[in-house]
Amino acid sequence: MQLKWTAVALAALTLVACGKKEEAAAPAATPAPTAAAPAPAAPPADAIVVKIGHVGPTSGAIAHLGKDNELGAKMAIEDLNAKGVKIGDKVAKFELLAEDDAGDPKQGTAVAQKLVDSKVNGVVGHLNSGTTIPASKLYSDAGIPQISPSATNPKYTRQGFKTTFRVVADDTQLGGTLGKYAVETLKGKNIAVIDDRTAYGQGVAEEFEKAAKAAGATIVGHEFTTDKATDFNAILTKLKGAKPDVLFFGGMDAVAGPMLKQVKQLGMSVKFMGGDGMCTGELAKLAGDAVGEEMVVCAEAGGVDGDFKAPLEAWKTKFKEKNGVEVQIYAPYVYDAVNVMVAAMEKAGSSDPVKYLPEIGKIQYKGLTGPIAFDEKGDIKNGALTLYTYKAGKREQLAVVR
């Protein structure tokens with residue numbers, strides 16, 4: 001039952017209650033006024049403004065991954081501003097210009113041009129290879145440094161551009177390691193492959209297939225879908241007839257989840273493998289009980305071991321406290337990418353892309369995700385991979401390999 005009180009009745013009751021309290025208690029000394037919390041210090045009037053762009057899919061099927069990346073960028077910007085970083089002899093005020101490419105190449109180039117027109121000092125992103133690669137031409141033409149935290153297609157850093165860098169391993173390493181693992185560890189002999197025809201999905205699937213063949217497996221079928229598909233019964237039924245013991249999917253978790261459900265419905269007895277696009281905490285939610293117990297094996301294009309583990313875990317805890325969500329996958333790499341860019345600016349004493357770009361190529365940076373240095377193409381040196389499986393509906397680490 002809900003009681004209804006009039007404003008007059010409430011006021012009267014309050015006065016009576018207050019009167020009883022005053023009679024029962026001795027008058028208290030007036031408390032000293034509480035000091036107001038100090039306002040954040042404003043940057044000096046002569047501070048330079050440094051604009052850093054970030055692009056990821058913050059709408060659409062993989063918005064959870066794009067938002068994860070964007071939150072990593074926001075935390076980096078906030079931490080840099082709190083430190084009062086100096087570039088040359090002036091304090092820098094960092095601003096984040098965040099854009100949504102929806103995982104679509106056309107929208108990716110549109111927002112890339114918007115950032116170019118805004119005269120950003122550098123760009124961190126995009127998330128997908130399919131948006132990162134076409135956008136990289138615009139940044140290169142404008143001379144704007146671009147560090148991708150998650151695009152793994154090898155083509156990104158093999159276009160001859162001087163402005164492209166990435167802080168994770170590429171598909172040659174990712175797909176190659178998974179292909180070898182499928183044969184040598186999972187003992188796969190007959191392997192089926194599906195990819196979503198995106199630059200990322202196709203790229204990682206092709207590298208997986210090459211490595212699996214080289215390790216002695218037979219590819220019994222290679223089928224194609226899209227990054228928006230939800231019905232896979234036709235291609236799965238076709239592949240089921242070939243009796244694979246391993247099924248590899250090149251694509252993202254938003255597609256892998258429903259696909260796993262249909263694999264289970266068809267009674268396919270396979271190990272289900274994939275790259276970093278599906279290797280997320282969200283996959284278990286999307287697939288439900290179809291994720292199985294150690295049925296899925298996937299790899300993240302990054303990973304830490306040794307002395308880097310504790311600081312990264314502490315940062316992930318801070319991330320959850322601040323944002324109310326767990327890290328999905330690449331937020332720490334975004335955080336590092338922003339800091340690498342700023343470290344190069346500090347070294348050059350300038351936020352002018354022409355002046356600090358050469359310093360990115362020479363950087364030796366100790367990041368959250370491990371030591372960061374780039375080769376002549378802009379790829380990370382000695383990049384790590386982390387292999388995962390799923391148990392009791394949660395992602396569980398198997399090993400970090402280099």
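FYI, side chains are in, hydrogens and waters are out, and symmetry mates aren't considered; it's all heavy atoms of this structure.
In this structure, F319 and W315 have tilted ring planes: the angle between them lies in the 30° to 60° band.
Put simply, the side chain of N128 reaches to within 4.5 Å of the side chain of I62, judged on heavy atoms. Between L236 and L247 there is a side-chain heavy-atom pair separated by less than 4.5 Å. Between V325 and K67 the shortest side-chain heavy-atom distance does not fall below 4.5 Å. The shortest distance between side-chain heavy atoms of Y333 and S150 does not fall below 4.5 Å. For the pair Y330/V168, a side-chain contact is recorded, criterion being any heavy-atom separation below 4.5 Å from C-beta on. Between I52 and I77 the shortest side-chain heavy-atom distance falls below 4.5 Å. Counting heavy atoms from C-beta on, the side chains of L266 and N233 come closer than 4.5 Å. Contact of the D379 side chain with the R166 side chain is registered, since non-hydrogen atoms from C-beta on lie closer than 4.5 Å.
Between P145 and the choices S140, P358, P353, the side chain to side chain contact (heavy atoms under 4.5 Å, CB included) rule is met once, by P353.
Side-chain atoms of Y156 and D170 form no donor-acceptor pair, as typed in the model, at a separation below 3.5 Å. Side-chain N/O atoms of Y335 and D79 include a donor and acceptor closer than 3.5 Å. The closest side-chain donor-acceptor pair between D101 and T131 falls under 3.5 angstrom. Side-chain atoms of Y365 and D336 form no donor-acceptor pair, as typed in the model, at a separation below 3.5 Å. A donor-acceptor contact closer than 3.5 angstrom links the side chains of Q159 and S136.
In this structure, K394 fails the cation-pi test against Y388, since its NZ or CZ atom is not both closer than 6.0 Å to the six-membered ring centre and inside 45 degrees of the ring normal.
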*side-chain contact (heavy atoms from CB on, under 4.5 Å) assessment of H222 paired with D195*: CA-CA 8 Å; H222 190 145; D195 78 65; 2.8 Å; yes

*Go through K285 and E282 one step at a time and tell me if the salt bridge (Lys or Arg N to Asp or Glu O under 4.0 Å) criterion holds.*
CA-CA 5 Å; K285 298 176 188 175; E282 194 74 8; 3.7 Å; yes

*Tell me, with the steps shown, if K322 and L71 meet side-chain contact (heavy atoms from CB on, under 4.5 Å).*
CA-CA 10 Å; K322 183 173 184 60; L71 289 172; over 6 Å; no

*salt bridge (Lys or Arg N to Asp or Glu O under 4.0 Å) evaluation trace for K187 with D245*: CA-CA 9 Å; K187 306 303 178 186; D245 38 44; over 6 Å; no

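The local environment of CG in D117 is crowded, with over 12 non-hydrogen atoms from other residues, nucleotides or ligands closer than 6.0 Å. A 6.0 Å sphere centred on NZ of K377 holds more than 12 heavy atoms belonging to other residues, nucleotides or ligands.
Between the OG1 atom of T225 and the CD atom of E223 there is a distance of 10.0 Å, given to the nearest 0.5 Å.
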